[in-house]
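What follows is a short report on a single structure.
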Amino acid sequence: QVQLVESGGGLVQAGGSLRLSCAASGRTFSSYAMGWFRQAPGKEREFVVAISRSGGIAYSADSVKGRFTIARDNAKNTVYLQMSSLKPEDTAVYYCAAIKRTVLTREAREYDYWGQGTQVTVSS
């Protein structure tokens, strides 16, 4: 069992930056690849970015490529999402998720554990 708790959301102006954190419980954090997803009102949950268990491999959705960066610290059981050049369309609830697989995936249904989410609002 893995419990995930996101933090760092808030209100930011367009063009600004924000860093989200996701703290995981348990001693097996490094066994899980991690992903960030987001869900805007009235829309389906969408993939943002994922990172491998070691942190050596990551890939992003085209909509955030070059603006968002994922990183992890296995010693701290934490994964981060650094967001820059934020746009109003980035407004959503952001969720972190864990998957016990080697291969990264953008499919939300394949992830095993989810956090409760943190709200990010970007004003124009």
Side-chain angles (χ1 to χ4, degrees):
Q1 186 81 9
V2 176
Q3 293 185 324
L4 304 172
V5 179
E6 302 95 336
S7 62
L11 174 64
V12 63
Q13 288 188 334
S17 298
L18 211 56
R19 188 176 82 156
L20 306 183
S21 299
C22 173
S25 66
R27 295 176 291 177
T28 60
F29 178 68
S30 60
S31 299
Y32 292 84
M34 300 296 296
W36 284 96
F37 291 77
R38 65 186 183 187
Q39 188 167 18
K43 295 187 176 182
E44 293 187 353
R45 190 168 299 190
E46 66 169 345
F47 169 77
V48 177
V49 63
I51 190 167
S52 64
R53 295 181 294 182
S54 67
I57 300 172
Y59 83 104
S60 310
D62 288 343
S63 58
V64 305
K65 203 162 290 184
R67 300 188 299 122
F68 290 12
T69 303
I70 189 172
R72 68 188 294 162
D73 185 339
N74 286 343
K76 295 183 178 180
N77 282 12
T78 303
V79 62
Y80 305 96
L81 179 64
Q82 179 67 48
M83 305 184 292
S84 59
S85 301
L86 283 161
K87 305 174 183 180
E89 50 264 44
D90 293 319
T91 295
V93 177
Y94 283 71
Y95 300 88
C96 69
I99 180 171
K100 202 166 188 178
R101 281 180 51 180
T102 302
V103 177
L104 300 182
T105 177
R106 61 191 301 137
E107 296 296 330
R109 64 178 183 273
E110 297 187 25
Y111 282 76
D112 302 305
Y113 301 102
W114 291 84
Q116 292 294 100
T118 185
Q119 176 71 47
V120 172
T121 303
V122 184
S123 63
S124 56

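Because the structure is predicted, anything quoted here is derived from the model rather than measured.
Of the listed residues (V49, L81, V64), just one forms a side-chain contact (heavy atoms from CB on, under 4.5 Å) with R38, and that residue is V64.
Here the CD-CH2 distance, from E6 to W114, works out to 9.5 Å after rounding to the nearest 0.5 Å. With rounding to the nearest 0.5 angstrom, the OG atom of S84 is 13.5 Å from the CZ atom of R19. Here the CE-CG distance, from M83 to L20, works out to 4.0 Å after rounding to the nearest 0.5 Å. To the nearest 0.5 Å, atoms SG (C96) and CD1 (I70) are separated by 9.0 Å.
Contact of the Y111 side chain with the T105 side chain is registered, since non-hydrogen atoms from C-beta on lie closer than 4.5 Å. A 4.5 Å side-chain heavy-atom check between L4 and Y95 finds every atom pair outside the cut-off.
The minimum heavy-atom distance between A33 and L104, with the atom names listed, is CB-CD2, 3.7 Å. A pairwise comparison of heavy atoms in T91 and Q119 identifies CG2-NE2, 4.0 Å as the closest pair. Of all non-hydrogen atoms in S21 and T78, the two that sit nearest each other are CB-CG2, 4.3 Å.
A donor-acceptor contact shorter than 3.5 Å is absent between the side chain of S30 and the backbone of N74. Within the 3.5 Å criterion, the main-chain N or O of S85 finds a donor-acceptor partner in the side chain of R67. Listed for the R72 side chain is a donor-acceptor partner under 3.5 Å among the backbone atoms of S52.
Under a hydrophobic clustering in which Ile, Leu, Val, Met, Phe, Trp and Tyr are joined whenever their side-chain heavy atoms come within less than 4.5 Å, directly or via other members, F29 and Y113 fall into the same cluster.
Heavy-atom neighbours of E107 CD from other residues, nucleotides or ligands within 6.0 Å: above the threshold of 12. Around atom CG of L11, more than 12 heavy atoms belonging to other residues, nucleotides or ligands sit under 6.0 Å away.
Note on ring orientation: taking the six-membered ring where Trp is involved, the planes of F37 and F47 are perpendicular (angle over 60°, cut-offs 30° and 60°).
Residues D62 and K65 are paired through a salt bridge, judged by an N-O separation under 4.0 Å between the basic side chain and the carboxylate.
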